[in-house]
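Below: one structure, written as structure tokens.
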Amino acid sequence: MSKGNEHGAIVGAAMGLPVGRRTLMTGAACAMGAGLIPTAAGAQVPATLDAAAASQFARMALSHVTREYPMETGMTRSSAAETVEQKPVRPVFYGSFGWGSAVATHWQLARLRNLFPRMPEAASIAAHFDSAFSAEKIAKEMAFFKTPMNEGSGRFGGWAWVMMLSVELGRDKSARAQRWAKLLAPMTVDLTERTIDFLPKLRFPGRGGGTPLGLLQMVDYARQPGQGKLLDLITSNARNWYGEDVVEDRPQLGGEDSIPAEFATAELMRRLLPAAEFDAWFRRYLPKLVTGDPAVLLTPVDAGDRGDPRLTLATDSLNLTRGWLLRNLAKACKGDRRAEVMTAAAARHLAVSLPHVGENYLSMRSLPAYALLALEAGRS
């Protein structure tokens, strides 16, 4: 069996497909993406997340959450004596190709289990958390951030997923989930303290989108009791960095941009500002949105040649994340033309990239979390 077909068989088995179909789960022919959210040309993108789609998301996540290879370590080694392997130093979040995507996959599993507690995969999800989480493993995860030159590894994106995971585990009041939340808590506290320490040092905003996206994903955690300092820092920095911003008439996209910076910034401000203040800011920030401009921000990105998995990963990530953010922002503008413009744009973006979720390993391990956020944002 070829390596591609071997992986297809593994994924097919995780999806519960008959053996005869498992070898077909390869490359662009991998049916998980198309089967996950069927979107024929011109068809309406589903506005809600149903139980069947949730099960497919869960099976996809379970198929790689403990898959060790291939991996992208994101680690700095200070000597030849230090390991190049991920699992010994990151024994909880070692799968899913890289640390940040591994944390995102755990959030995805926890979220799906909370949304659909009777889903057939709920027991497998719980069994995974039972196996993955222990005090010793979390301590090793925390120790990694004390190794030379790794203090900021995963900032802000991966750190935000840890905080989102903490919030999600806390929503489940069962003794089992509370145990997982308690085990994760020391790591969440440590990354919170690191964020609080770092934010005052960051004199200038990140313009690539990673900074506002990471911070907006921290907001729910920052709103919890006892996290006022984190919320105050996020709010003050966002006001200082983005309070006077206006999107230029012809914003430029980079060839491998994967984060929609303009909408990530807008969603961060929506999450932080009072409604009336945000509306005034948003009208000034995107003054021509009501007429569908700038068009480049409302038009899905076409990867063109889908033979390069890293390029397609970037474009699909951009489209799915835009879909999620646009749906959220449209709710804040309900009742005016801007909401219609953004809702339609979100549908276009999701129609282009949802069918490709899971078409290869890179897309399987990182796109579903944002696809899930986008689909959930479409629920009434």
Residues that N319 engages under side-chain hydrogen bond (donor to acceptor under 3.5 Å, both in side chains), provided they are two or more places apart: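 side-chain hydrogen bond (donor to acceptor under 3.5 Å, both in side chains) list for N319, sorted by chain: S353.
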[X] side chain to [Y] backbone, donor-acceptor under 3.5 Å:
X	Y	answer
K331	A377	yes
S131	A127	no
K140	K87	no
T315	T312	yes

Same hydrophobic cluster for [X] and [Y], using side-chain heavy-atom links shorter than 4.5 Å among ILVMFWY?
X	Y	result
M187	Y94	no
M163	V189	no
L191	V89	yes
V290	L329	no

Closer than 4.0 angstrom, basic N to acidic O: yes or no for [X] and [Y]?
X	Y	value
D293	R250	no
D197	K201	yes
R306	D316	yes
R111	E376	yes
K146	E151	no
D249	K288	yes

Do [X] and [Y] come within less than 4.5 Å of each other through their side chains, counting heavy atoms only?
X	Y	answer
M60	V357	yes
F198	R155	yes
F116	L49	yes
L320	H349	no
V167	M164	no
R207	D245	yes
S101	E72	no
T211	W241	yes

Before you tell me yes or no, could you show the steps for T147 and N150 under side-chain hydrogen bond (donor to acceptor under 3.5 Å, both in side chains), namely the whole-Å CA-CA distance, both residues' side-chain angles and the distance that decides it to 0.1 Å? CA-CA 6 Å; T147 59; N150 286 310; 2.9 Å; yes
Taking atom types as modelled and ignoring hydrogens, do the side chains of E168 and N114 form a donor-acceptor contact shorter than 3.5 angstrom?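 Note: E168 and N114 side chains meet the donor-acceptor criterion.
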Hey, are W180 and D172 close enough side-chain-wise for a donor-acceptor pair under 3.5 Å?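 The answer is no; no qualifying pair exists.
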Find out whether the Lys NZ or Arg CZ of R271 is both under 6.0 angstrom from the six-membered ring centre of F278 and within 45° of the ring's axis.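 R271 over F278 ring: no.
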Minimal non-hydrogen separation, [X] against [Y], with atom names:
X	Y	answer
L313	S363	CD1-CA, 4.1 Å
S317	S258	OG-O, 3.3 Å
T105	H64	OG1-CE1, 3.4 Å
M119	A54	CE-O, 3.5 Å
Q108	F57	NE2-O, 3.3 Å
T265	Y285	CB-OH, 3.5 Å

Inter-residue atom distance [X].[atom1] - [Y].[atom2], 0.5 Å rounding:
X	Y	atom1	atom2	result
R327	L350	CZ	CG	5.0 Å
L199	L230	CG	CG	7.0 Å
L325	L216	CG	CG	6.5 Å
Q56	L112	CD	CG	11.5 Å
S55	R59	OG	CZ	5.5 Å
E256	L318	CD	CG	12.0 Å

As a quick check of understanding, evaluate side-chain hydrogen bond (donor to acceptor under 3.5 Å, both in side chains) for R90 and S153, giving each step before the final call. CA-CA 12 Å; R90 289 176 152 173; S153 179; 3.0 Å; yes
Would you find more than 12 non-hydrogen atoms of other residues, nucleotides or ligands less than 6.0 Å from E136 atom CD?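 Atom CD in E136 is not crowded, with 12 or fewer foreign heavy atoms closer than 6.0 Å.
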Near K182 NZ, under 6.0 Å, is it more than 12 heavy atoms from other residues, nucleotides or ligands?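 No, because the 6.0 Å sphere around NZ of K182 holds 12 heavy atoms or fewer from other groups.
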Step by step, work out the side-chain contact (heavy atoms from CB on, under 4.5 Å) result for R179 and D130. CA-CA 9 Å; R179 174 180 170 272; D130 283 342; 4.0 Å; yes
Just to verify, what does D336 make a side-chain contact (heavy atoms from CB on, under 4.5 Å) with, not counting sequence neighbours?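 Here the qualifying residues are R283, C333, R338.
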Shared-cluster residues of Y69, by chain and number - hydrophobic side chains joined below 4.5 Å: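 ILVMFWY cluster around Y69 also holds M71.
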With sequence neighbours excluded, tell me which residues meet salt bridge (Lys or Arg N to Asp or Glu O under 4.0 Å) with [X].
X	result
E68	none
D305	none
E277	R239

Taking the six-membered ring for Trp, are Y370 and W161 closer than 6.0 Å centroid to centroid?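 They qualify: ring centres under 6.0 Å apart.
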Just checking F145 against W99, ring centres under 6.0 Å apart?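 Judged by ring-centre distance (under 6.0 Å), F145 and W99 do meet the cut-off.
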With side-chain contact (heavy atoms from CB on, under 4.5 Å) as the test, would you mind laying out the steps for W281 and R270 before giving the verdict? CA-CA 9 Å; W281 177 89; R270 183 190 74 82; over 6 Å; no
Determine whether T192 and Y221 satisfy the following criterion, side-chain hydrogen bond (donor to acceptor under 3.5 Å, both in side chains), listing intermediate values before the conclusion. CA-CA 10 Å; T192 300; Y221 175 80; 3.2 Å; yes
Let's go through R379 and L115 carefully: what are the C-alpha distance in whole Å and the side-chain angles of both, what is the deciding distance for side-chain contact (heavy atoms from CB on, under 4.5 Å) to 0.1 Å, and is it a yes or a no? CA-CA 12 Å; R379 301 174 94 193; L115 287 172; 3.5 Å; yes
Start with the C-alpha distance between L286 and F263, add both sets of side-chain angles, then the distance that settles side-chain contact (heavy atoms from CB on, under 4.5 Å), and finish with yes or no. CA-CA 10 Å; L286 281 168; F263 294 123; 3.9 Å; yes
Look at the rings of F133 and F129 and say which category their plane angle falls in: under 30° parallel, 30 to 60° tilted, over 60° perpendicular.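 Geometry flag for F129 against F133: perpendicular rings.
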